[in-house]
Amino acid sequence: MNKRKLQVTNFWLLGFAFALVLAGLFTVTVFAQDDMPTDDEVNAIAKELYCPVCENTPLDVCPTEACRQWRELIRKQLSEGMTEDQIKDYFVANYGARVLAEPPRTGLNWLVYILPPLIILLGAFFLFRSFREWTRPKVAETGAGAERSGTSSPAKDDYVDRLEEELKNRK
Amino acid sequence: MFAEFGYGVLLVSLIVAIYSGISAVYGAKNKSAAMVESARRAMLLTFPLISIAAATLIYLLVNNHYEVAFVYEVTSRSMPTYLKVTAWWGGQAGSLVFWSWLLAVFTSAVTLRKWDRDIEFLPWVILVSAVTLTFFLGMSVFFENPFTRFWLVGGNVEPSMFAPANATVFTPQDGQGLNPLLRHPGMVIHPPMLYLGFVSYVIPYAFAMAALITGRTDDRWIRITRRWSLWAWLFLSFGLVLGGRWAYDVLGWGGYWGWDPVEIAAFMPWLTGTAFLHSVMIQEKRGLLKQWNMILVILTYALVIFGTFLTRSGVLSSVHAFANSPIGPFFMGFVSLTFITSIALVIWRWPQLQAETEMKSMLSREALFLLNNLLFMSILVVCFWGVIFPLISELFTGSKVTVGPPFYERATAPLFSSLLFLMAIAPLSAWGHSTLETLGKAIWKSAAAALVVTVVLYITYTQNIGALVGFFLVALVLFATLNEFWRGARARQKTQDENFFTSLTRLMGRNRRRYGGYIIHISMALMAIGILGIEIFQKETQGTLAAGEQLDISGYTIQYRELASWNDQGAGVNYTRAIVDVYENGVYLGQLNPRIDYYFDSQQNMTIPGQRSTLRDDLYILLVDWQPVSTIGATFKIYVNPLVNWLWIGSLLFLAGVIFAAWPDQDPAEESARRTVARDNRQTSAAD
């Protein structure tokens with residue numbers, strides 16, 4: 001009797017396993033039809049995001065388990081039809097602006113974009129003003145006498161003389 | 001016993017360094033040659049002292065003294081001896097001692113030179129070195145002591161230098177082991193190279209300060225330190241390149257440079273150092289820009305300390321970590337103090353630093369060098385602000401932000417392109433005066449040739465505008481610079497009756513700095529090819545393959561064959577290695593073996609790519625993941641990095657160029673004879 005009960009159980013087990021396999025096959029086909037996002041599609045977005053826990057590591061190359069799960073999350077969101085911007089917004093909402101490769105263009109963050117060009121322009125302005133100061137009035141005053149070695153006249157392109165002179169004058 | 005000894009020696013070194021600085025000032029103020037000599041000898045003494053402290057530390061590292069906290073943190077029993085030695089600079093406490101040791105080496109070397117005519121500089125050079133050395137030794141003695149041991153106090157383990165009451169020394173069985181990423185040969189020599197570069201910039205700075213303090217503000221200090229600056233620049237550049245190569249080989253993201261704050265920290269002094277290298281030539285040739293050169297060398301020194309600070313204080317991970325770490329404020333205080341003092345000195349000597357001549361033309365070489373300086377400074381501004389801004393944001397708004405590669409790439413690409421353009425035209429311009437006409441005459445052939453190259457590339461390789469502009473500039477630099485070699489050698493050949501190659505080698509030998517510089521320009525152009533290639537044309541794909549399955553990318557086919565995983569108990573590593581077959585357009589090219597090494601002691605992974613490298617492109621395969629149960633499937637990430645090899649080829653040529661420029665001249669007698677003859681009314685000296 002025990003034996004028979006076992007057989008019955010076995011039968012049911014076998015049936016259950018068979019059903020599982022069928023279900024498995026079925027789900028696989030379902031996924032295949034749904035077009036699960038590829039690694040490349042996931043990485044394309046992960047590349048633009050930064051790992052919320054590691055310092056300065058893009059999400060697509062971060063080797064930690066946490067980041068692997070975040071990449072799977074992106075895959076799931078993609079398969080649910082979310083756009084790139086929606087996914088990014090989700091990450092910003094949950095982990096803060098630091099997940100973006102660049103500060104969002106709001107408030108204080110504008111400083112990061114405005115200050116460098118401003119300083120560079122200022123530098124260029126001062127340089128060119130100094131140039132004009134240097135070049136304009138003094139040329140007339142001093143003339144050739146104050147010239148240090150290494151100067152040459154541009155009128156005749158005396159390349160050989162110039163080269164020789166520069167070679168001699170090097171220290 | 002050894003730990004106390006090492007600490008004691010460090011303490012004595014600190015006292016000697018302080019003494020050296022004080023007696024140097026005292027000697028200079030009271031015109032006491034004996035005191036200055038005493039300071040000099042004290043400075044010389046720091047070298048053997050710190051060497052003994054370092055040797056003690058290495059002894060502890062090599063002999064598994066895990067009761068010492070630093071030894072426990074950076075070594076383990078499974079590490080080979082050479083790695084235990086190099087673990088010296090693998091952690092914070094040890095690397096600070098390394099810094100001090102290098103500084104002692106350089107300062108000793110510089111105090112041993114013949115001072116004859118420059119004796120007035122000596123006390124001040126000693127002072128600046130002593131202050132810097134005191135700072136770094138003080139950091140080791142008070143905050144980051146590498147000799148701290150573990151003590152067992154009532155069941156708790158506490159790190160402390162000296163025995164707390166009722167405590168016994170606690171010795172762990174094994175250490176944590178060095179971070180596997182740092183065990184790569186590139187990483188073994190990358191930090192010493194960077195540090196060599198960092199530390200050697202202290203010497204030009206010390207001389208600059210000495211010049212300001214003594215009021216001897218002619219270009220003597222520049223002449224004395226010219227070779228120092230060049231070697232410093234070489235080490236720093238080479239350190240950066242090695243870092244890039246290391247990142248490419250072990251970091252597993254297919255790139256060499258990620259605009260990471262730590263990388264930028266080392267890049268910033270390089271920017272000012274490079275600007276300095278160019279602008280000192282204007283001072284030597286034309287007596288201009290004295291104030292600016294002072295500012296550049298001060299900036300370089302400040303950025304060297306700041307760079308060490310950025311990487312060591314924890315400020316990059318969070319402003320709060322910075323506030324909590326004892327060394328952060330100490331570092332910041334030192335940077336601010338030295339910077340403000342130096343700038344005050346410049347302002348004090350401002351009138352003496354006036355230009356001797358005037359700038360004549362906007363197209364003269366000195367004017368173009370100034371533009372070069374503006375560009376380097378602009379890149380510096382972008383980098384500095386990018387690194388600092390996240391800290392400011394965290395401080396004021398409490399929210400952290402990332403300033404990543406897109407920001408830096410967008411901001412610096414036009415600046416780097418302009419630098420390439422200048423690199424092509426500046427060597428063709430004349431000192432003093434050039435006109436559009438002379439410049440145009442000198443460049444048009446090179447420009448025409450570069451245009452032809454660009455058109456050919458447009459037809460055969462790419463239609464990407466950015467890439468074409470980049471390639472045009474690279475070609476322009478190459479043609480213009482090679483043409484300089486050609487013109488120079490031809491000109492000499494005509495007058496000297498030599499064959500072309502004799503002319504070329506003699507010409508180059510007679511002006512190492514100039515032609516070394518040109519070689520460096522060519523190497524930069526080659527590196528630019530590699531950078532353009534990987535930045536613009538990099539392709540990547542990722543996929544999970546079962547055995548026998550394939551992935552295609554840019555004409556390559558990668559077929560996964562099998563995977564094996566095994567332990568190497570002796571080395572304490574588990575290796576998982578995949579075998580993939582590589583085909584190009586159906587032709588079998590060979591096998592690649594991407595692998596993941598898992599280090600038991602530090603519990604960290606290291607991803608080693610399988611690489612196939614050609615002049616055209618690199619195939620770079622990473623093993624990302626594999627199925628643990630059986631080896632049925634594995635995930636690979638594959639990059640194709642076009643032209644990246646030119647980056648490394650350029651780096652090697654670069655190294656050759658700097659060594660060529662910095663190599664001491666063979667015949668000093670002939671050298672000085674030529675100098676006396678030279679029609680130059682300024683004071684010069686053969687000593688160098």
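Proteins get letters first, then strands, A, B, ... in listed order; numbering begins at 1 in each.
Listed here is the closest heavy atom pair of B:G404 and A:Y50: CA-OH, 4.0 Å. Across all their heavy atoms, A:V61 and B:Y639 have their closest contact at CG1-OH, 3.6 Å. Summarising the geometry of B:F407 relative to A:V112, their closest heavy-atom pair is CE1-O, 3.4 Å, with the distance given to 0.1 Å.
A 6.0 Å sphere centred on CD1 of A:I114 holds more than 12 heavy atoms belonging to other residues, nucleotides or ligands. Environment of CD in A:E72: crowded, with over 12 heavy atoms of neighbouring residues, nucleotides or ligands closer than 6.0 Å. By the 6.0 Å contact criterion, NZ on A:K76 is open, its count of non-hydrogen atoms from other residues, nucleotides or ligands being 12 or less.
Expressed to the nearest 0.5 Å, how far CZ of B:F389 lies from CD of A:E102 amounts to 11.5 Å. Atom CD1 of A:I120 sits about 5.5 Å away from atom CG of B:L415, to the nearest 0.5 Å.
Here B:K637 does not pair with A:D39 in a salt bridge; the nearest charged N to carboxylate O distance is not below 4.0 Å.
Two residues are said to be in side-chain contact when any heavy atoms from C-beta on lie closer than 4.5 Å; B:E540 and A:N43 meet this criterion. Side-chain contact between A:P103 and B:T402 is absent, with no heavy-atom pair separated by less than 4.5 Å.
Per-residue heavy-atom pair counts under 4.5 Å with chain A were compared for B:D260, B:L370, B:V382, B:T397, and the maximum is reached by B:L370. Put simply, of B:S393, B:S399, B:A367, B:G543, the one with the most heavy-atom pairs under 4.5 Å next to chain A is B:A367. Among B:V262, B:I388, B:L622, B:V381, the residue making the largest number of heavy-atom pairs under 4.5 Å with chain A is B:V381. Residue with the most contacts toward chain A among B:P261, B:S364, B:A411: B:P261 (heavy-atom pairs, distance under 4.5 Å). Heavy-atom pairs under 4.5 Å with chain A were tallied for B:L374, B:T607, B:L439; the largest tally goes to B:L374. Interface summary for chain A: among B:P405, B:A355, B:P406, the most heavy-atom pairs under 4.5 angstrom belong to B:P406.
Of the atoms belonging to B:D625, it is side-chain heavy atoms, and not backbone ones, that fall under 4.5 Å from chain A. In this structure, chain B has heavy atoms under 4.5 Å from both the backbone and the side chain of A:L108. Looking at B:R410, only its side chain comes within 4.5 Å of chain A, counting heavy atoms on both sides.
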Run the side chain to side chain contact (heavy atoms under 4.5 Å, CB included) check on A:L127 and B:L371 step by step: do they pass?
CA-CA 8 Å; A:L127 185 67; B:L371 269 185; 4.2 Å; yes

Working for side-chain hydrogen bond (donor to acceptor under 3.5 Å, both in side chains), residues A:D40 and B:Q542
CA-CA 6 Å; A:D40 287 346; B:Q542 181 177 322; over 6 Å; no

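Formation of a donor-acceptor pair under 3.5 Å by the B:W385 side chain with backbone atoms of A:L111 is found in this model.
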